[in-house]
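Here is how names work: the chains are called A, B, and so on, in the same order as the sequence lines, proteins then strands, and each is numbered from 1. All values derive from a computational prediction rather than experimental measurement.
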Protein chains: 2
Amino acid sequence: MSQLPEQPAEGPVPTSADVARLAGVSRATVSYVLNNNAAVRISDPTRRRVREAAAELGYVPHAAARSLRAGHSRMVLLPTGNFPSGQLHHRFLHELESGLRRLDYTVVQYGSLGLDADDAARAWAELRPAAVIVPGSVPLAPRGTAVLRRSGAKAVITLGPRPVAGAHALIMDQRKVGDCAVRHLLERGRRRIGVVMPEEPGLALFAEPRLAGARQAAAGTARIEPLPLRHDEESATALAARWRLLGLDAVFAYDDVYAMLLMRALQDTGITVPGETAVVGADDLMLGRLLRPRLSSVRMELDTVQSLADLVDRLVRHPGREPERHDLLSARAVHRESS
Amino acid sequence: MSQLPEQPAEGPVPTSADVARLAGVSRATVSYVLNNNAAVRISDPTRRRVREAAAELGYVPHAAARSLRAGHSRMVLLPTGNFPSGQLHHRFLHELESGLRRLDYTVVQYGSLGLDADDAARAWAELRPAAVIVPGSVPLAPRGTAVLRRSGAKAVITLGPRPVAGAHALIMDQRKVGDCAVRHLLERGRRRIGVVMPEEPGLALFAEPRLAGARQAAAGTARIEPLPLRHDEESATALAARWRLLGLDAVFAYDDVYAMLLMRALQDTGITVPGETAVVGADDLMLGRLLRPRLSSVRMELDTVQSLADLVDRLVRHPGREPERHDLLSARAVHRESS
DNA sequence: TTGAAAGCGTTACCAA
DNA sequence: TTGGTAACGCTTTCAA
């Protein structure tokens, strides 16, 4: 009765052979036409017939078969783990994706949370990507990079606070963030500086270098005091309760969220900000501007995201070079009212 | 001089034939052993020799070749667009991934931002996924689902506020959020309720149903007033400036972030919260608890995430059924101090 | 300008 | 218990 228009009825998937048959040509010709192969001249009527046949059948080429034949893929694999989830990260991801798409790569994310380093590397290698870009939050052992290289990956690139043996590295040197924050506090006359260290496990990778950067910037001129803190109110209240015993006049709070948490607890304890204690966060979140006092922060920028796609492309085309390192991160303090 | 230990030297990628040669057996035997094929009995010494050869060569099977041969893949494709980026979404994603991994599927995310609906569907179809789960933020036309079905996808599932023709639907009915917020405000005696509508384009998909839910809950008993707002301070300040002209005694602010933005602007204008105007957000962010007054919110939960993986599995195994619908979202108001 | 055929890495059937 | 072989869908010589 009612004819359902879009009921593909479980039919077999159309192949280039079906297109060839319908167009009355050979499979070779179909390939030539659909790939716009310039090395061979096909008559216009034939081209049209092939195109129409493909459209009529709803033919879509089979990427696996293609790359099997070609001997290589144009897939760039991006394992994901504990997403840092900031808008910085999203923008970065999106720009990397569109940059690589422009160069005709297919970017694919692969959720690798819960896999150990070796299993994960094997799973990635099964997909035979041309390149793998591994965020710092995803475990990668030197053995993993070896597996990937053997499986034909032209480039293994790590992305994060620190490099991994045998892989290229896009570094986001988090020390700069700590350095920047402390330098800012020093300029404003503070000399006894706490540095919040989140107790959440995934964050140590970022927190440690930030602390190192802070220490480096202080270098003799100021005291640096690490302050463990969990991402909840009790922890912040407890820290605020013993604040005066710590004898600090400033705190770099890892990021804006921890800063907001701590600043609120300090204020609730009767400690004035910035009078008694200056507070600086990082990420320059919009929400920080809504607090009173407005939160000072460290703003991070990633340089040259398009050139990053070009870098990946270069590594894929000329593999086997020495591992390269590039530092992408730049940081600057944004002074508001809390410091 | 210094012998680099992990320099795979651009050698050819080892195949099952190489493993067979090294182990002194046939390719078939290699396949039997490495896949633990129960239908055929292989002697233990042979098993060991094969395993050792594979390990020595660093052999990793080629997923594309395998699924080409098998005629189907176990890939679940998850296109990504404008990531909603809340922790709710991340947790959901991660649980879906591990649930599907447990069922031996490979979950792959494919960044589709900037592609139009038809191009995107074609790009997904090239990968020949067994199933595609399309978030509401990614465009999908009925034609797209047809292309995917023809390419062999057993299940096309949409994930978001509303269904798409021809596809199964995992619905997160955002009306519940608006309903819940307004019901809460009604209970607290408010009758003239503003509803913040973010002007950011991607959010309309969520904002509209929330407004609809709000209207539904108010149904005669209260006035509902949509309030366009951009995600910046000027916009909030402007809205606050004309607040008293609006004659509202409450506002449901779309989510906690917009709520914080607006609440701050209201307070800066001298409007008391909750005295003069009650404010309710959504998402129940931790940061909302740091404000004064603490922000009331609507907490959302996704039911049954593991069973969702099972659902995908069922649809893959028994395709071609009528499109199914499931509503995943539940919402409840969390009363704090701002309402 | 077009076609025939080989081969990419796998697995499943059938024979030995 | 093992091995030979064909086939999956595609591209690319080589030949016509």
Side-chain angles (χ1 to χ4, degrees), chain A residues 12-50 53-54 57-75 125-130 150-152, chain B residues 12-51 53-54 57-75 106 125-130 150-152:
Chain A
V13 180
T15 71
S16 76
D18 297 320
V19 178
R21 201 159 19 240
L22 182 58
V25 301
S26 75
R27 280 147 74 225
T29 307
V30 171
S31 171
Y32 293 145
V33 171
L34 296 184
N35 295 309
N36 289 315
N37 189 327
V40 75
R41 306 207 56 79
I42 306 278
S43 69
D44 272 356
T46 306
R47 304 187 94 82
R48 245 211 356 267
R49 285 215 316 283
V50 170
L57 294 175
Y59 168 72
V60 176
H62 191 311
R66 173 180 294 180
S67 68
L68 186 58
R69 163 67 223 222
H72 60 258
S73 78
R74 290 190 70 78
M75 181 193 297
E126 289 194 358
L127 300 175
R128 296 288 192 274
R150 293 207 77 106
S151 80
Chain B
V13 180
T15 72
S16 75
D18 297 319
V19 177
R21 202 158 19 239
L22 182 58
V25 300
S26 75
R27 281 145 73 222
T29 306
V30 171
S31 170
Y32 294 145
V33 172
L34 296 184
N35 294 309
N36 288 316
N37 190 328
V40 77
R41 309 205 52 79
I42 305 279
S43 69
D44 272 357
T46 306
R47 303 188 97 81
R48 245 212 353 270
R49 285 215 316 284
V50 170
R51 291 239 153 75
L57 294 175
Y59 168 73
V60 176
H62 191 312
R66 173 178 293 176
S67 69
L68 185 58
R69 163 67 224 221
H72 56 84
S73 77
R74 290 190 70 78
M75 180 192 297
T106 296
E126 290 195 357
L127 300 175
R128 296 292 193 274
R150 294 207 76 106
S151 80

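- Residues A/R128 and A/S151 have side chains in contact (heavy-atom distance under 4.5 Å, counting atoms from C-beta outward).
- Between B/N35 and C/dT11, a side-chain N or O to OP1/OP2 separation shorter than 4.0 Å is present.
- When the P atom of C/dA12 is taken as reference, atom CG of B/L34 falls 13 Å away, rounded to whole Å.
- Side chain of A/R150 to main chain of B/P14: no donor-acceptor pair is present (N/O by atom type, distance under 3.5 Å, no hydrogens or angles).
- Residue A/R66 holds its CZ atom at 8.0 Å from OG of A/S31, rounded to the nearest 0.5 Å.
- DNA chain C lies under 4.0 Å from at least one heavy atom of each of the following residues of residues 60-68 of chain B: B/V60, B/P61, B/H62, B/A65, B/R66.
- Side-chain atoms of B/S67 never come within 3.5 Å of backbone atoms of B/A70 as a donor-acceptor pair (strictly under, hydrogens ignored).
- Residues passing the salt bridge (charged side-chain N to carboxylate O under 4.0 Å, His left out) test with B/R74 are B/D104, sequence neighbours excluded.
- No side-chain donor-acceptor contact under 3.5 Å links B/N35 to the backbone of B/N37.
- Summarising the geometry, the separation between CZ on A/R27 and P on C/dG3 is reported as 12 Å, rounded to the nearest angstrom.
- A close approach under 4.0 Å does occur between a side-chain nitrogen or oxygen of A/T46 and OP1 or OP2 of C/dT2.
- Counting only heavy atoms from C-beta outward, the side chains of B/M75 and B/L127 approach each other to under 4.5 Å.
- Here the range on DNA chain D touched by chain B, meaning any atom under 4.0 Å from one of its heavy atoms, is D/dT1 to D/dG9.
- Residue side chain B/R69 reaches the base of C/dT11 through a donor-acceptor N/O pair under 3.5 Å, judged by distance alone.
- Across all non-hydrogen atoms, the minimal contact from B/A23 to B/A53 is CB-CB, 3.9 Å.
- Checking B/V19, B/V33, B/V30, B/I42 one by one against B/V25, the side-chain contact (heavy atoms from CB on, under 4.5 Å) holds for a single residue, B/V30.
- Residues from residues 13-22 of chain B lying near DNA chain D, meaning a heavy-atom separation below 4.0 Å, are absent.
- Judged by closest nucleotide on DNA chain C, A/R47 is the one of A/A70 and A/R47 placed further toward the 5' end.
- Rounded to whole angstrom, the span from the NE2 atom of B/H72 across to the C1' atom of C/dA12 amounts to 12 Å.
- Among the atoms of the strands shown, only primed sugar atoms or phosphate atoms (P, OP1, OP2) are found under 4.0 Å from some heavy atom of B/V25.
- Distance check, rounded to the nearest 0.5 Å: CZ of B/R49 to OG of B/S43 gives 7.0 Å.
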Provide a list of protein-nucleic acid N or O atom pairs under 3.5 angstrom, restricted to nucleotides 13-16 of chain C.
{"residue": "C/dC13", "atom": "N4", "partner": "B/Y32", "partner atom": "OH", "Å": "2.3"}

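- Screening residues 21-47 of chain A for salt bridge (Lys or Arg N to Asp or Glu O under 4.0 Å), with sequence neighbours left out, gives A/D18-A/R21.
- Smallest separation of non-hydrogen atoms from A/A65 and B/L68: CB-CD1, 4.0 Å.
- For the pair B/I42 CD1 and C/dA12 C1', the interatomic distance rounds to 13 Å; values are reported in whole Å.
- Counting only heavy atoms from C-beta outward, the side chains of A/L34 and A/Y59 approach each other to under 4.5 Å.
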